[in-house]
Amino acid sequence: MIETVSNAWTERLARAAIVEMGGSALLAFYPMSSRQAKACVVRGTLSLCANLGLELRESRLSNGDSVGAIANKLGASVLFHCRLTDIDRRTVGGFARSIVAHKQSEPGKS
């Protein structure tokens, strides 16, 4: 348990600890009561996240189109399809940074 003077300091210390532990740690930030949550959380977003997770799991279990399933659930459109060809990942100051290379592909093809 970390007790600090502010949430910002908690995050700063936690990031340093997580980096030292190779990125594997479990943290819970910004605890709040249900009354506080009701006052500041956007209504429906937690349910939406849970429903999107279920949609993704069902799509993967049936070998379906996961991206299409999520887009359909959100009423969104897929803008492009691509295949990642290279990913350069690194951690800078406790934050993940990536450079991604890709090539365009057709839906459902590698």
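- Within the hydrophobic cluster formed by Ile, Leu, Val, Met, Phe, Trp and Tyr side chains joined at under 4.5 Å, directly or through other members, I99 stands alone, with no partner residue.
- Although no hydrogens or angles enter the test, the distance criterion places a donor-acceptor pair under 3.5 Å between the side chain of T85 and the main chain of A101.
- What you find for M32 and A37 is that their closest heavy atoms are SD-CA, 3.4 Å.
- Taking NE2 from H81 and CZ from R83, the interatomic distance works out to 13.0 Å, rounded to the nearest 0.5 Å.
- At a threshold of 4.5 Å between side-chain heavy atoms, the hydrophobic network of Ile, Leu, Val, Met, Phe, Trp and Tyr places L61 and L54 in two separate groups.
- Counting all heavy atoms, side chain and backbone alike, S66 lies closest to L56 at CB-CD1, 3.6 Å.
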List, one per line, each side-chain donor-acceptor pair under 3.5 Å for residues 69-79, sequence neighbours excluded.
none

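- For T4, the side-chain hydrogen bond (donor to acceptor under 3.5 Å, both in side chains) criterion is met by T10, not counting sequence neighbours.
- Every pair tested for salt bridge (Lys or Arg N to Asp or Glu O under 4.0 Å) that includes a residue from residues 34-52 fails, sequence neighbours excluded, so the list is empty.
- L84 belongs to a hydrophobic cluster with I87, V100, counting contacts under 4.5 Å between side-chain heavy atoms of Ile, Leu, Val, Met, Phe, Trp and Tyr, direct or through other members.
- Judged as a salt bridge (charged side-chain N to carboxylate O under 4.0 Å, His left out), and not counting sequence neighbours, the contacts of R90 are D88.
- At least one donor-acceptor pair closer than 3.5 Å links the side chain of Q36 to the backbone N or O of S33.
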